[in-house]
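Worksheet for the structure shown next.
Source: prediction; values computed, not measured. The sequence lines fix the lettering, A, B, ..., with proteins before strands; numbering per chain opens at 1.
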2 protein chains.
Amino acid sequence: MNMPAEPPKRTRRSKGGLTLVDVARVAGVAPITVSRVLNSPEKVSPDLVQKVRSAIERTGYVPNLLAGSLASTHSRMIAAILPTIAGSVFLDTVQSLTETLAAAGYQLILGQAGYENSREDELLEAIIGRRPDGIVLAGIMRSAQGRRRLQASAIPLVETWDLTPTPADMLVGFSHESVGEAVAEFLYQRGRRRVAVISASDERAQRRNRAFAQAAVRLDMQGPDGAIPFHTTSAPGTAAGGRAGLRALLAASPDIDAVFCSSDMVALGVLTEAHALGIAVPDRLAVVGLGDQAFAADTWPALTTVHLDGRAMGTIAANFLIDRIAGKHIPEVVRDIGFTIVERDSA
Amino acid sequence: MNMPAEPPKRTRRSKGGLTLVDVARVAGVAPITVSRVLNSPEKVSPDLVQKVRSAIERTGYVPNLLAGSLASTHSRMIAAILPTIAGSVFLDTVQSLTETLAAAGYQLILGQAGYENSREDELLEAIIGRRPDGIVLAGIMRSAQGRRRLQASAIPLVETWDLTPTPADMLVGFSHESVGEAVAEFLYQRGRRRVAVISASDERAQRRNRAFAQAAVRLDMQGPDGAIPFHTTSAPGTAAGGRAGLRALLAASPDIDAVFCSSDMVALGVLTEAHALGIAVPDRLAVVGLGDQAFAADTWPALTTVHLDGRAMGTIAANFLIDRIAGKHIPEVVRDIGFTIVERDSA
DNA sequence: GTGAAAGCGCTAACAA
DNA sequence: TTGTTAGCGCTTTCAC
C-alpha cells in the first residue's frame with residue numbers, strides 16, 4: 001500500500017465549545033444547513049428546519065457571531081462614541097439607539113472619548129478594528145485626523161446633536177447657533193435686559209454662547225461694559241457648577257436678570273443657589289436650561305428650557321444606519337430636527 | 001511538463017480591505033512577524049519592529065480584531081447588561097467600568113435588558129454569541145434559565161449592586177436590606193415617628209422597602225392602621241413619580257413626617273412637590289434619597305441620602321474580570337462595599 | 001528571533 | 001432544496 005507518511009498532527013485547543021459542525025452532526029445534515037436555519041430558515045425545508053432546531057435546543061448551541069462576522073463581513077454591531085456616560089445629555093439618544101438597533105438585530109458597542117479627545121486615536125483604532133457595521137458619534141468629528149480615519153474605514157457614520165455644512169457622512173442634529181439666538185430673543189421678549197451665561201466648556205456650548213451673546217448685544221442686553229457676563233465650568237455641566245457659576249456672576253455683575261445655562265443640570269444648580277441667596281426666580285432672575293431632561297418639569301420653579309429631542313436623534317440615526325447597511329438609498333442624509341423653547345415657570 | 005489542471009477559481013470578495021498579509025509584504029517579513037509586532041513586540045528584534053511599524057503607518061492598516069478574536073479565543077470585549085440607560089443609577093458604574101477596561105485594552109458592549117426582562121433570553125444569546133471575555137450585570141441574574149445559560153457559557157461574570165448568598169460567579173455590591181433598615185433607624189434617631197416610602201417597583205427596591213418597613217414597625221413608626229404608607233412608581237424612578245407619590249401619600253396619610261425615596265431623582269420630585277404644597281422640609285417632612293448622585297448636594301434643601309459608590313463597583317468589577325482573565329487567583333470573589341448615610345439638610 | 005503550516009467557526013460561491 | 005469547497009484575517013503550534 002502506498003500510504004503517504006501521515007503529517008505530524010498539530011492540534012489547537014478549540015476551547016471545547018460546541019460548534020455548528022457538532023450541531024450538524026447531531027441533526028444529520030451539512031453544516032451549511034445549520035447556518036441557513038439560523039440565518040435564512042425560509043431557504044430550508046420545514047422538516048430540516050425542525051430537525052436542526054431540535055438539535056440546537058438539545059445541545060444548547062450558541063452560534064459564534066465572531067466567526068460569522070469574519071466570514072460574512074457583517075458584524076451586526078454598531079459603535080457609539082460619546083464624550084462621557086455619567087452626566088451626559090446623550091443618554092436618551094443612546095437609549096433609543098440601542099432599542100431601535102436591538103430590534104433590528106444589532107448590538108451596541110460603546111466608546112468613551114472624553115471631552116478632551118486625548119485618547120481619540122486609540123479609541124478609533126479599537127472601534128474600527130472591531131469592524132462595526134456603523135458608527136454613531138455624539139457630536140461632530142472635528143479632528144481632521146479622525147475624519148480621515150473614519151472615511152478611510154468606509155464604515156457608515158452618523159454624526160448627531162449638531163449641524164455642519166461639511167458632514168463626514170450622515171447627520172442628524174440641530175443648530176446650536178439658532179438655539180443661542182432663539183434663547184436671547186426669548187429672554188428679550190420676556191422683558192429681560194441684563195442677560196448672562198453659565199456654560200460648560202465644550203465646543204458646542206461655545207458656539208451656542210457666541211450666538212447668544214451676539215443676539216443679546218444686538219438686542220442691547222449687554223452689561224455697562226458692553227459685554228455679556230459669562231461663567232464657564234468644565235464639561236459635562238453639573239449642578240455644583242451652576243451654583244458656583246451663579247455666585248461668581250452675581251459677584252461680578254449684581255444686576256443681571258437672566259441666566260442661560262448650558263444644561264438642565266446646571267440650571268438646577270442655579271435654581272438652588274438662587275434659593276439659597278434669596279433671589280426670586282423668575283421675578284428677579286430668569287433661568288433657562290437646555291435639554292428638557294425628564295426632571296426639568298419637576299424642579300421648583302419648573303424649568304423653562306430648550307427641548308431637544310434626544311430620543312428622536314437616536315431613532316433617526318439608527319434608521320439611517322439600518323437603511324444604509326441594507327443598501328437602501330437614503331434621500332436626505334442630513335436632518336435638522338430643530339428645537340423648541342418650553343416655557344415653564346423659571347423664565 | 002506535468003502541470004495539474006488549474007482548479008476553477010472561486011473568489012470571495014475580501015471586502016478590499018488591507019490585511020496583515022499586505023503589511024507583511026510591504027515590510028518584507030512573514031505575516032506572523034507583523035502579528036508579533038502588534039501583540040508582543042518584545043519578541044521581535046528592534047529593526048524588524050521598526051520596519052513593520054513603518055509599513056503599518058504608510059499603509060494605514062487597522063488590524064481586524066474580529067479575526068484575531070476568532071483565532072485567539074480572546075475577544076477583548078466585556079459586556080455590560082443594564083435594565084435601561086436613560087435615568088439609570090448605574091451610569092457611574094458603567095463609566096468607571098469603561099475607563100478601567102479601556103486602560104486594559106477592553107471594549108464595552110452594552111445590552112439593555114429592560115426592567116421586565118422580556119427580551120432577556122434573546123439578549124443573552126446575542127451577547128454570549130459575541131464571546132465577550134467577561135460580563136458585568138447591573139444587579140443579580142434572577143432567572144434560573146439565565147443563570148444556567150451564563151454558567152454554561154463559562155464566561156467570567158460579575159454581578160453588581162446587590163448581595164446574595166448564591167452568586168453565579170463574582171459579586172460586588174451592598175445589602176439593600178441593610179440600607180432599608182439603616183434608613184429607618186436614622187429617621188428614628190432624628191425624631192421621626194410616621195415614616196413613608198416612595199419607591200420604584202424594581203426588585204431591589206422592594207427588598208429595601210421591606211427591610212425599612214420591618215425596622216420601622218419595630219421602632220413603632222407605623223401609622224394608626226399598623227402599616228407603613230407606601231407609594232410605588234414604575235422603574236426607573238423619576239422626579240415626576242416622586243411628586244405624584246408625595247401627593248398620593250399625603251392624601252392618604254396627612255400625618256407622615258418622613259419619606260424614604262428609592263432614588264435621588266424621586267427625592268428631587270418630592271422636594272419640589274413639598275415646596276409647591278408649602279410643606280417645610282425638613283421641619284415638617286424629612287426626605288431621604290438613595291444613590292448620592294452628583295446633584296444631591298445641590299438641591300434645596302440639600303438632600304440627605306444614602307451614598308452608594310457606583311464608581312467603586314465599576315472599578316472593582318473591571319479588576320475582577322481583568323484578573324480572572326489573566327488567570328490570577330482572586331481570593332475574595334464577593335465584595336460588600338457597604339454604604340453610608342450622608343446627612344445634609346433634608347432630613 | 002523568525003517563519004511555515006494549520007486551523008479558529010463560520011458563510012459565500014458554486015455545483016448538483 | 002441541499003451539499004461541497006474554499007476561504008474570511010488572524011494566531012497557535014511547531015520547526016529552525
Rounded off to whole Å, could you give me the [atom1]-to-[atom2] distance for the [X] and [N] pair?
X     : N      : atom1 : atom2 : value
A/L20 : D/dT4  : CG    : P     : 14 Å
B/L66 : D/dT11 : CG    : P     : 12 Å
B/L38 : D/dC10 : CG    : P     : 9 Å
A/K43 : D/dG3  : NZ    : C1'   : 15 Å
A/E42 : D/dT2  : CD    : C1'   : 15 Å
B/I56 : D/dC10 : CD1   : P     : 10 Å
B/R25 : D/dC10 : CZ    : P     : 12 Å
A/L18 : C/dC10 : CG    : P     : 9 Å

*Looking for any heavy atom pair under 4.0 Å, which part of the strands does B/P63 touch: base, sugar-phosphate only, or nothing?*
sugar-phosphate

*Base, sugar-phosphate, or nothing: which does B/L65 touch, judged by heavy atoms less than 4.0 Å apart?*
nothing

_Strictly below 4.0 Å: does A/T33 bring a side-chain N or O up to OP1 or OP2 of D/dG3?_
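So the side chain of A/T33 is within the cut-off, an N or O lying under 4.0 Å from OP1 or OP2 of D/dG3.
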
_So, OP1 or OP2 of D/dT11: does either fall under 4.0 Å of a side-chain N or O from B/S35?_
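So the side chain of B/S35 is within the cut-off, an N or O lying under 4.0 Å from OP1 or OP2 of D/dT11.
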
Which nucleotide in the list [options] gets nearest to the side chain of [X]?
X     : options               : result
B/L48 : C/dT2, D/dT4, D/dC10  : C/dT2
B/A30 : D/dG7, D/dC10, C/dA4  : C/dA4
B/Y61 : D/dT2, C/dT2, D/dC10  : D/dC10
B/V44 : D/dG9, C/dT2, C/dT11  : C/dT2
B/R36 : C/dT2, D/dG3, D/dT12  : C/dT2
A/L70 : C/dA13, C/dC10, D/dC8 : D/dC8
A/A71 : D/dT11, C/dT11, C/dC8 : C/dT11
A/N64 : D/dT11, C/dG9, D/dT2  : C/dG9
A/V29 : C/dC10, D/dC10, D/dG3 : D/dG3
B/S45 : C/dG1, C/dC10, C/dA13 : C/dG1

*Can you check whether any acceptor in the base of C/dG9 is under 3.5 Å from a donor in the side chain of B/R131, or vice versa?*
no

_So A/I325 and A/I78, do their side chains get closer than 4.5 Å, heavy atoms only?_
yes

_Between B/R149 and B/S153, does the side-chain hydrogen bond (donor to acceptor under 3.5 Å, both in side chains) criterion hold? Intermediate values first, please._
CA-CA 6 Å; B/R149 279 200 99 122; B/S153 76; over 6 Å; no

*Any donor and acceptor pair, going by atom type alone, linking the side chain of B/S40 with main-chain N or O of B/K43 inside 3.5 Å?*
no

*Would you please say whether a donor-acceptor pair under 3.5 Å links the side chains of A/R311 and A/T315?*
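There is no such pair (donor and acceptor under 3.5 Å, judged by atom type) between the side chains of A/R311 and A/T315.
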
_Just by distance, no angles: are the side chains of A/T84 and B/Q95 close enough, under 3.5 Å, to form a donor-acceptor pair?_
no

_For the student: nearest non-hydrogen atoms of A/A55 and A/V26, plus distance_ =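 For A/A55 and A/V26, the tightest heavy-atom pair comes out as CB-CG1, 3.8 Å.
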
